Amino acid sequence: MKKRETTPAGAAELRARAEARLEEKGRGPQAAGHQTLEESQRLVHELQVHQIELELQNQELQEARAELEAGL
């Protein structure tokens, strides 16, 4: 598998593509005004949980990579 370099320009382009896709799905910034405070709080909570899940997965991947590299 090819290692993907993340540059500021690459990250900015990825962000722009993600925002464009979100707009296409009708869930852009203008849609946020239709949410209640409770819905917004639930979404923030879900995003925080998802972020932690991703951090844990990243840690596991880094540990697995280190084990593979140590075994080579």
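As the structure is a computational prediction, the values presented were derived from the model and not from experiment. Values below: all heavy atoms of this structure, side chains included; hydrogens, waters and symmetry mates excluded.
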Is the closest basic N to carboxylate O distance between R65 and E69 below 4.0 Å?
-> yes

Is the closest side-chain heavy-atom distance between I52 and L56 below 4.5 Å?
-> yes

Given side-chain hydrogen bond (donor to acceptor under 3.5 Å, both in side chains), test Q59 with E55 step by step and report yes or no.
-> CA-CA 6 Å; Q59 182 179 0; E55 290 169 356; over 6 Å; no

Q57 and E53: side-chain donor and acceptor closer than 3.5 Å?
-> no

NZ/NE/NH1/NH2 to OD/OE distance under 4.0 Å, E38 and R42 | no

Which of these passes side-chain contact (heavy atoms from CB on, under 4.5 Å) with V44: Q41, E46, Q48?
-> Q48

